[in-house]
Q: 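Here's a structure for you.
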Number of protein chains: 2
Amino acid sequence: MTERRTRQLAAVSEVLRAAHDHPTADEVHRRVRRKLPRVSLGTVYRNLEKLAARREVRVVQLTDRATRFDGMLDEHDHFLCEGCGMLTDLARKRPARPTCSALQRAGYTVREQTVTVYGLCPRCGAKQRSVP
Amino acid sequence: MTERRTRQLAAVSEVLRAAHDHPTADEVHRRVRRKLPRVSLGTVYRNLEKLAARREVRVVQLTDRATRFDGMLDEHDHFLCEGCGMLTDLARKRPARPTCSALQRAGYTVREQTVTVYGLCPRCGAKQRSVP
DNA sequence: CTTTCTGCAAACTCTTTGCACTCGT
DNA sequence: ACGAGTGCAAAGAGTTTGCAGAAAG
């Protein structure tokens, strides 16, 4: 009935809090294994799901193939480079909520709102301009 | 060398322009088959990719399992109900670009920006309040 | 002790791909 | 007729799950 504190869950949580990139489940698995070599990928998935339910991890799903997990919990947005797939965090200035009031009037409950910017990072932009 | 106008590509494009929901590839396949019963799922994927490259279709990737495709090409945002998974289009008032100037100064090329709002639709919100 | 969680491996879902054939151009 | 595009079926990638045993409370 109660949730247990296993070393596997703790390790997954720790990896995510330390990660500044946006690792996939597989990448998390690889990192967790450095501390606990016998952890299975299935367990990593189960614990990521648990952390996501508790909102201790953010799930980032973009045009990439695999889901990415974000341990940064402050409100921020994302930039996705369409050239190399790199995902960057964007600091959010103000907690702007332009769309929400209309939605709420229509009966929707708003929990969170995020902006995603698509484009090219400096490196990919330069590459493209040199080969037009 | 040149791109050909096949009936399959035309049918996929037509299904997407007519769709007001956000169908998955499988759903597009089902609808295309109503006109061309012999079309394969592989072909649907290949044509969706072609349309996405041409930007005649928008790829919407959210916490859902399968990728969704959006034939609406005007600038708009999305609301995802975390209860039932329903995806709704949100009209965009002004083409607000708050984050972009800073990014562009840093050398990034910005192509597009979209807002995603997460929460509960009226039905799921009511359901949750009745069972707390 | 009881019950949740784990490791393993197999199953599943969504997507991509190799190949011989079709059909636009 | 040439070659891009197709159908089919098989392979890939990412994720989920059933089960027997391990371990947290």
Side-chain angles (χ1 to χ4, degrees), chain A residues 1-16 19 21-54 56-70 80 82 85 87, chain B residues 1-16 19 21-54 56-70 80 82 85 87:
Chain A
M1 200 71 189
T2 348
E3 229 167 55
R4 290 178 182 179
R5 276 179 225 137
T6 65
R7 55 187 92 246
Q8 290 88 338
L9 176 58
V12 169
S13 174
E14 195 179 320
V15 161
L16 273 153
D21 49 351
H22 301 76
T24 60
D26 202 71
E27 184 57 39
V28 173
H29 182 217
R30 208 167 295 134
R31 295 181 200 179
V32 166
R33 277 194 159 176
R34 298 210 276 253
K35 287 276 169 160
L36 299 168
R38 316 195 60 71
V39 173
S40 73
L41 182 55
T43 295
V44 169
Y45 272 107
R46 282 182 284 230
N47 283 320
L48 284 171
E49 190 178 11
K50 201 165 290 186
L51 291 171
R54 289 191 199 165
E56 288 181 34
V57 172
R58 214 173 275 189
V59 179
V60 184
Q61 198 96 326
L62 295 168
T63 10
D64 213 2
R65 218 200 268 270
T67 303
R68 294 169 166 278
F69 298 88
D70 192 341
L80 178 69
E82 294 175 315
L87 186 62
Chain B
M1 201 73 189
T2 349
E3 227 168 56
R4 291 179 181 177
R5 277 180 226 135
T6 64
R7 54 189 92 243
Q8 291 88 338
L9 176 58
V12 170
S13 173
E14 194 178 322
V15 161
L16 273 153
D21 49 351
H22 300 77
T24 61
D26 202 72
E27 184 56 40
V28 172
H29 182 218
R30 208 167 295 133
R31 294 182 200 178
V32 166
R33 277 194 159 177
R34 298 208 276 254
K35 287 275 168 158
L36 299 168
R38 318 196 60 70
V39 173
S40 74
L41 181 56
T43 293
V44 168
Y45 271 106
R46 282 183 284 231
N47 283 320
L48 284 171
E49 190 179 11
K50 200 166 289 185
L51 292 171
R54 288 192 199 164
E56 289 182 33
V57 172
R58 214 173 275 187
V59 178
V60 184
Q61 198 96 327
L62 294 168
T63 12
D64 211 5
R65 218 200 270 271
T67 303
R68 294 168 166 279
F69 297 87
D70 191 341
L80 178 69
E82 293 174 316
L87 186 62

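Keep in mind that the numbers below use all heavy atoms, side chains included, and drop hydrogens, waters and symmetry copies. Proteins get letters first, then strands, A, B, ... in listed order; numbering begins at 1 in each. All of these numbers come straight from a predicted model, not from anything done at the bench.
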Q: Mind checking salt bridge (Lys or Arg N to Asp or Glu O under 4.0 Å) for Arg30(A) and listing every partner two or more places apart, or none if nothing turns up?
A: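 In terms of salt bridge (Lys or Arg N to Asp or Glu O under 4.0 Å), with neighbours along the sequence ignored, Arg30(A) is linked to Asp26(A), Glu27(A).
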Q: In whole angstrom, what separates Leu62(B)'s CG from dC14(C)'s P?
A: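 The answer, rounded to whole Å, is 16 Å.
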Q: Please determine whether a side-chain nitrogen or oxygen atom of Gln8(A) lies at a distance below 4.0 Å from atom OP1 or OP2 of dG7(C).
A: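 Checking dG7(C) against Gln8(A), a side-chain N or O does come within under 4.0 Å of OP1 or OP2.
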Q: Tell me which residues in residues 30-40 of chain A lie within less than 4.0 Å of DNA chain C, going by non-hydrogen atoms.
A: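 Residues of residues 30-40 of chain A under 4.0 Å from DNA chain C: Arg38(A), Val39(A), Ser40(A).
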Q: Output every pair passing side chain to side chain donor-acceptor pair (under 3.5 Å) with a member in residues 1-11 of chain A, not counting sequence neighbours, ordered by first then second residue.
A: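 Residue pairs with at least one partner in residues 1-11 of chain A: Glu3(A)-Arg54(A).
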Q: Can you measure Lys50(B) atom NZ to dT6(D) atom C1' for me and round it to whole angstrom units?
A: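 One finds 10 Å between C1' of dT6(D) and NZ of Lys50(B), rounded.
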Q: Please enumerate all residues that pass side-chain hydrogen bond (donor to acceptor under 3.5 Å, both in side chains) together with Glu49(B), with sequence neighbours excluded.
A: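 None.
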Q: Report the residues that fulfil ring pair (Phe, Tyr, Trp, His ring centres under 6.0 Å) with His22(A), sequence neighbours left out, ordered by chain and then residue number.
A: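 Checked His22(A) against ring pair (Phe, Tyr, Trp, His ring centres under 6.0 Å); matches are His78(A).
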Q: Under the side-chain contact (heavy atoms from CB on, under 4.5 Å) test, which residues partner Ser40(A), sequence neighbours left out?
A: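 So Ser40(A) forms a side-chain contact (heavy atoms from CB on, under 4.5 Å) with Thr43(A).
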Q: In B/S/- notation, 5' to 3', how is nucleotides 16-25 of chain D contacted by protein heavy atoms closer than 4.0 Å?
A: BBB----BBS
Q: For Gln61(B), which residues count as a side-chain contact (heavy atoms from CB on, under 4.5 Å) partner, sequence neighbours excluded?
A: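 If we apply the side-chain contact (heavy atoms from CB on, under 4.5 Å) test to Gln61(B), skipping adjacent residues, the hits are Gln61(A), Val59(B), Thr67(B).
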Q: Determine: side-chain N/O of Thr67(B) to OP1/OP2 of dC14(C), distance under 4.0 Å, yes or no.
A: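 For dC14(C), neither OP1 nor OP2 has a side-chain N or O of Thr67(B) closer than 4.0 Å.
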Q: My understanding is that only residues two or more places apart in sequence, or in another chain, count here; which of them pass side-chain contact (heavy atoms from CB on, under 4.5 Å) with Val32(A)?
A: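 By the side-chain contact (heavy atoms from CB on, under 4.5 Å) rule, Val32(A) matches Ala11(A), Val12(A), Val15(A), Val28(A), Val39(A).
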Q: Between the opening five pairs and the closing five pairs of the helix from dC1(C)-dG25(D) to dT25(C)-dA1(D), how far apart are the helix axes, to 10°?
A: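 Comparing the first five pairs with the last five, the axes sit 40° apart.
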Q: Assign Asp26(A) to base, sugar-phosphate, or nothing according to its heavy-atom contacts below 4.0 angstrom with the strands shown.
A: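 Since no nucleic acid heavy atom lies under 4.0 Å of Asp26(A), the category is nothing.
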Q: His29(B) NE2 to dT16(C) C1': how many Å, rounded?
A: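 After rounding, the gap between these two atoms is 15 Å.
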Q: Going by side-chain hydrogen bond (donor to acceptor under 3.5 Å, both in side chains), name the residues that satisfy it together with Glu14(B), two or more places apart in sequence or in a different chain.
A: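 Once residues adjacent in sequence are excluded, Glu14(B) has no partner under the side-chain hydrogen bond (donor to acceptor under 3.5 Å, both in side chains) criterion.
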Q: Write down the distance between CD (Gln61(A)) and P (dC14(C)), rounded to a whole number of angstrom.
A: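 The distance from CD of Gln61(A) to P of dC14(C) comes to 13 Å, rounded to the nearest Å.
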Q: Could you note down all residue pairs passing salt bridge (charged side-chain N to carboxylate O under 4.0 Å, His left out) where residues 59-70 of chain A supplies at least one of them, sequence neighbours left out?
A: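 As it turns out, the salt bridge (charged side-chain N to carboxylate O under 4.0 Å, His left out) pairs with a partner in residues 59-70 of chain A, which skip direct neighbours, are Asp64(A)-Arg68(A).
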Q: CD of Glu27(A) versus P of dA13(D): gap in Å, rounded?
A: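 It works out to 17 Å between those atoms.
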Q: Looking at every non-hydrogen atom in both residues, tell me the closest pair between Ala25(B) and Leu41(B) and how far apart they are.
A: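 Scanning both residues completely, I find the closest heavy atoms to be O-CD1, 4.1 Å.
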Q: Let me know which of Leu51(B), Leu48(B), Leu16(B) forms a side chain to side chain contact (heavy atoms under 4.5 Å, CB included) with Glu56(B).
A: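 Only one of Leu51(B), Leu48(B), Leu16(B) forms a side chain to side chain contact (heavy atoms under 4.5 Å, CB included) with Glu56(B), namely Leu51(B).
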